[in-house]
Amino acid sequence: MHINPERSTRPDYDLLVRQVASVLEGERDLIANASQFSALVYDTLADLNWAGFYLTVPAKSGDGQDLLVGPFQGKPACARIPFGRGVCGTTAVKRETMVVPDVHAFPGHIACDSASNSEIVIPLVKNGRLVGVFDIDSPLLDRFAGEDKAGLEAMVAAFLEATDC
């Protein structure tokens, strides 16, 4: 069971990976697990104002794909993001984690929440297919370090292992 009395700017990611496995144990549903995962991240990492999923769907108009908002914690968000647009859309195209210390300096940044100043987005790739991205925003500049990137990638890997998608 997950118990964390206070959020941390330097979380124990090895412990969090184990907590992901524990919280998701026995459930394989994408939406249920994404909801639990978002809550776990939002509850344990300090200085966040949004943590959640954008899932790959057919583009609303034309060919291609979009990212559609999925389970998250935080204020209402942009509902649909085209591949290649903003940090999330760029992550979807590149299929690599992006750490953005100042989102206002990122070309084409989509300001869903004007309070966001830094962001990390991890692609969700399972069996060679992009399922979506996991997006985390912070009101602080330069909130996410290399330690966060590695730790969050390990947490996402545990999420993908425990989830049918």
Side-chain angles (χ1 to χ4, degrees), residues 16-17 19-21 23-45 48-139 143-144 148-165:
L16 288 176
V17 168
Q19 285 183 334
V20 168
V23 167
L24 304 184
E25 185 176 7
E27 183 55 64
R28 306 276 321 163
D29 183 77
L30 173 62
I31 300 303
N33 285 357
S35 297
Q36 295 283 58
F37 186 85
S38 297
L40 177 69
V41 170
Y42 195 76
D43 188 51
T44 55
L45 273 67
L48 304 184
N49 59 328
W50 204 87
F53 290 83
Y54 280 94
L55 303 174
T56 302
V57 296
K60 195 171 188 175
S61 60
D63 294 333
Q65 296 176 305
D66 288 341
L67 295 168
L68 185 64
V69 69
F72 70 91
Q73 298 284 308
K75 292 181 181 180
C78 299
R80 187 176 291 263
I81 299 172
F83 271 38
R85 186 152 180 250
V87 181
C88 289
T90 302
T91 299
V93 170
K94 290 185 174 187
R95 292 186 177 202
E96 62 185 41
T97 300
M98 295 191 68
V99 178
V100 181
D102 181 355
V103 295
H104 308 290
F106 187 87
H109 170 66
I110 302 168
C112 297
D113 180 356
S114 61
S116 294
N117 285 309
S118 63
E119 186 170 7
I120 184 169
V121 182
I122 300 108
L124 308 170
V125 179
K126 187 161 185 175
N127 300 323
R129 184 176 71 87
L130 183 76
V131 177
V133 299
F134 186 68
D135 179 25
I136 307 173
D137 295 353
S138 173
R143 163 62 181 86
F144 305 103
D148 297 302
K149 178 181 180 290
L152 289 163
E153 287 174 338
M155 290 177 69
V156 164
F159 164 80
L160 289 170
E161 179 66 27
T163 305
D164 293 333
C165 43

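Because the structure is predicted, anything quoted here is derived from the model rather than measured.
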Name the atoms and distances for all side-chain donor-acceptor pairs under 3.5 Å in residues 63-71, with sequence neighbours left out.
residue: D66; atom: OD2; partner: K60; partner atom: N; Å: 3.1
residue: D66; atom: OD2; partner: R80; partner atom: NH1; Å: 3.2

Next item on the list: Might you point out which heavy atoms bring N117 and P139 nearest each other, and give the distance in Å?
Entry: ND2-O, 2.6 Å
Next item on the list: Please report the closest heavy-atom contact between C165 and K126, naming both atoms and the distance.
Entry: SG-CD, 3.7 Å
Check: So do F83 and L130 actually touch side chain to side chain, heavy atoms under 4.5 Å?
Finding: yes
Next item on the list: Answer yes or no: does atom CG of N127 have more than 12 heavy-atom neighbours from other residues, nucleotides or ligands under 6.0 Å?
Entry: no
Note to self: Assess the residue pair D137 and V87 against the criterion (side-chain contact (heavy atoms from CB on, under 4.5 Å)); give the C-alpha distance rounded to whole Å, side-chain angles, the decisive distance to 0.1 Å, and a yes or no.
What the structure shows: CA-CA 11 Å; D137 295 353; V87 181; over 6 Å; no
Item checked: Minimum side-chain heavy-atom gap P123-K94 below 4.5 Å -> no
Check: Which distance, rounded to the nearest 0.5 Å, do you find between the CZ of R85 and the OG1 of T90?
Finding: 10.5 Å
Checklist line | Short side-chain to backbone donor-acceptor contact, D135 and F53, under 3.5 Å | finding: no
Next item on the list: To the nearest 0.5 Å, tell me how far L55 CG sits from L30 CG.
Entry: 5.5 Å
Item checked: Exercise: identify the closest heavy-atom pair between I81 and C88 -> CD1-CB, 4.0 Å
Margin query: Quick one, L45 with R143, criterion side-chain contact (heavy atoms from CB on, under 4.5 Å). Give me CA distance, side-chain angles, the key distance, then yes/no.
Written below: CA-CA 11 Å; L45 273 67; R143 163 62 181 86; 4.1 Å; yes
Next item on the list: I would like to know whether L48 and V41 meet side-chain contact (heavy atoms from CB on, under 4.5 Å); could you show each step before the answer?
Entry: CA-CA 9 Å; L48 304 184; V41 170; 4.2 Å; yes
Notebook entry, point to check: Atom CD of E27 and atom CD of Q36: how far apart are they, to the nearest 0.5 Å?
Noted result: 9.0 Å
Note to self: To check you understand the geometry: which heavy-atom pair defines the closest contact between C78 and Y54, and what is its length?
What the structure shows: O-OH, 2.8 Å
Item checked: Pairwise distance OG(S116) to NZ(K75) - rounded to 0.5 angstrom -> 8.5 Å
Check: Between the side chain of T91 and the main-chain N/O of I122, is any donor-acceptor distance below 3.5 Å?
Finding: no
Check: To the nearest 0.5 Å, how far apart are CZ in R129 and CG in L124?
Finding: 10.0 Å
Item checked: Approximate separation, where rounding is to 0.5 Å, of S138 OG and F144 CZ -> 5.0 Å
Item checked: Step-by-step side-chain contact (heavy atoms from CB on, under 4.5 Å) determination, W50 to D113 -> CA-CA 9 Å; W50 204 87; D113 180 356; 5.9 Å; no
Distance-only donor-acceptor pairs under 3.5 Å for side chains of residues 152-161, two or more places apart:
residue: E153; atom: OE2; partner: T97; partner atom: OG1; Å: 2.6
residue: E153; atom: OE2; partner: K149; partner atom: NZ; Å: 3.2

